[in-house]
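Since the structure comes first, as C-alpha cells, the remarks are kept for the end.
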Amino acid sequence: MRKSGRAFRLTQTPEKRWELHRIEEATDKGVIVGVYATRGAASKVIEKIAYEPDFG
C-alpha cells in the first residue's frame with residue numbers, strides 16, 4: 001500500500017494480528033511500525049503517519 005509517496009506493507013501474523021512495516025522497495029523487509037489487533041486500526045495509523053515527517 002502506498003500513501004503520500006511512502007510504501008507500507010501490512011501482513012497478518014499467525015496470531016491473527018496485523019504487522020505494519022515501512023518499506024522502500026517491494027522486496028525489502030522494511031522497518032516495523034507496529035502490530036495491531038485489526039486491519040482497520042492499522043489503516044488509521046497509516047492515514048496519520050503518511051503525512052508526518054519521516055521517522056527513520
(request) Answer yes or no: are there more than 12 heavy-atom neighbours, outside Q12 itself, under 6.0 Å from its atom CD? (result) yes
(request) Would you sort out whether L20 and F8 count as a side-chain contact (heavy atoms from CB on, under 4.5 Å), showing the intermediate values? (result) CA-CA 7 Å; L20 178 63; F8 298 93; 3.9 Å; yes
(request) Work out which heavy atom in A37 is nearest to a heavy atom in W18; give both atom names and the distance. (result) O-CD1, 4.0 Å
(message) To the nearest 0.5 Å, what is the distance between CD on E19 and OG1 on T13?
(response) 6.0 Å
(request) Rounded to the nearest 0.5 Å, what's the gap from NZ on K48 to CD1 on I46? Could you check? (result) 14.0 Å
(request) Would you please test V31 and H21 for side-chain contact (heavy atoms from CB on, under 4.5 Å) and show each step? (result) CA-CA 5 Å; V31 176; H21 296 263; over 6 Å; no
(request) Report yes or no: do V45 and L10 belong to one cluster of Ile/Leu/Val/Met/Phe/Trp/Tyr joined by side chain heavy-atom distances under 4.5 Å? (result) yes
(request) Look up atom CZ in R6 and atom CD in E24, then write down how far apart they are to the nearest 0.5 Å. (result) 10.0 Å
(request) Spell out, as yes or no, whether a donor-acceptor pair under 3.5 Å connects the side chain of R9 to the backbone of A26. (result) yes
(message) Nearest 0.5 Å, please: how far is CD1 in I49 from NZ in K44?
(response) 15.0 Å
